[in-house]
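The analysis underlying the following values was restricted to heavy atoms, covering all of them including side chains, and did not include hydrogens, waters or symmetry mates. Lettering follows sequence order; numbering is per chain, from 1.
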Number of protein chains: 2
Amino acid sequence: MNNSDLMQRMAFINEVEKLKLIVRQNVTIDGSRQENSAEHSWHIALMAIVLSDYSDFKNIDILRVLKMLLIHDIVEIDNGDTFLYDSQANKRKNEQETMTANRVFGLLPENTRNEFLKLWEEFEKRETPDARFAASLDGLQPLMNHLSSKGQGIIKHKLKTQQIIAKKQYIQQSSKELWEFAKNIIQQSEETGLYIKS
Amino acid sequence: MNNSDLMQRMAFINEVEKLKLIVRQNVTIDGSRQENSAEHSWHIALMAIVLSDYSDFKNIDILRVLKMLLIHDIVEIDNGDTFLYDSQANKRKNEQETMTANRVFGLLPENTRNEFLKLWEEFEKRETPDARFAASLDGLQPLMNHLSSKGQGIIKHKLKTQQIIAKKQYIQQSSKELWEFAKNIIQQSEETGLYIKS
């Protein structure tokens, strides 16, 4: 085998096996284990397909949204997932993730490396319609998971409802209907005792 | 909330949480647990993006390929993953999976339900370029996983190299280069003692 383009792509595909080992605060619906970032990425990519009509932006490019969602957590491979509500850890997060982005996307041939780096940066900035819609699904899935898994991963963090709303309200920038849905399940979760009323 | 279209889509999104609980014969690269079908689906969707230039078909539609790969294993939710080399179990597989497809895709509004059912059937038949390319990635990823995880999930099945080649050679229908790569890693795995020489 002397096709270096293909070998570079395959090195990347082998490297991202590690994302299956990065665990999140959420749990699977049977409560048996923590959810990992690879299966989370699958779930929100599927949500993008199923919910694309709910974007308030007229011209989102669903293929770009899918690419962003499938790669967005690869930057966690070296340092793990950062819990959204851990403000100290989030201060260190950007620099670490940029290093991992350069290392892991750097395994790829130049054209795909540059495409993925740009897509990841676009996702992180949440300025374009594609990035905002993608980010809204990344924000919504954990809320649905809290309720469907009966909060088995989240109760111990004693999150306040207002704290969650503050972190998630950006969803309304891309979809008023998804934000209405999100507020409704946040309230259901509060009533079930998963979050603290505030 | 009285938007029944959105409620149907969200019921589907909650239901497919179960795919994270469906385990495969392959293991994660640290050997700590069996891989599940949700993270496997993420991995091959990402492969489709990274390897799209290696399709021998000129006009594959990468968005359709991604949709196929993201939904293809949802039909396992009720009965689990069927090991490719278990011929008895594979005889029962089709009927069971059709029932699950109708049940789970049936949670969705009609337009998306019909789209997903057709995409899944197309994937299963492996007749179109999109389906053949998608299936070739579904066939390739386990081979890469066997080698990168040092066969921790596969050695016990005592698979013969010829048996694997017989099951995987359809990869060449969509990409001669990916099939060359696959044969190369099958040979490496045989040399490492993961498969039995035959």
Which of residues 110-149 of chain A get closer than 4.5 angstrom to chain B, counting heavy atoms alone? A:F116, A:L140, A:Q141, A:M144, A:N145, A:S148

Can a salt bridge be assigned to the pair B:K20 and B:E17 using a cut-off of 4.0 Å between side-chain N and carboxylate O? yes

Specify which of A:I71, A:L66, A:L21 makes the most heavy-atom pairs with chain B at under 4.5 Å. A:L21

Just checking heavy atoms, which of residues 46-65 of chain B are less than 4.5 Å from chain A? B:L46, B:M47, B:I49, B:V50, B:L51, B:Y54, B:I62, B:L63

Considering residues, nucleotides and ligands other than B:E191, do more than 12 of their heavy atoms fall under 6.0 Å from its CD? yes

Contact origin within B:L69 toward chain A - heavy atom pairs under 4.5 Å: neither

Rounding to 0.5 Å, atoms CG (A:L159) and CD (A:Q25) come to a distance of 9.5 Å

Nearest 0.5 Å please: distance from the CG atom of A:N184 over to the OG atom of A:S189. 10.0 Å

In terms of heavy-atom contacts, does NZ of A:K156 have more than 12 from other residues, nucleotides or ligands at under 6.0 Å? yes

More than 12 non-hydrogen atoms from neighbouring residues, nucleotides or ligands closer than 6.0 Å to NZ on B:K158, yes or no? no

With a 4.0 Å cut-off, would you call B:R103 and B:E15 a salt bridge? yes

Here the gap from B:N36 atom CG to B:W42 atom CH2, rounded to the nearest 0.5 Å, amounts to 11.5 Å

What distance do B:I22 atom CD1 and B:D78 atom CG have between them, rounded to the nearest 0.5 Å? 8.0 Å

Check A:E177, A:Q172, A:Q173 against A:S175 for a side chain to side chain contact (heavy atoms under 4.5 Å, CB included) and give me the one that passes. A:E177

Euclidean distance, B:L84 CG relative to B:N90 CG, rounded to 0.5 Å: 6.5 Å

For chain B, the option from A:K18, A:M10, A:E35 that forms the most heavy-atom pairs under 4.5 Å: A:M10

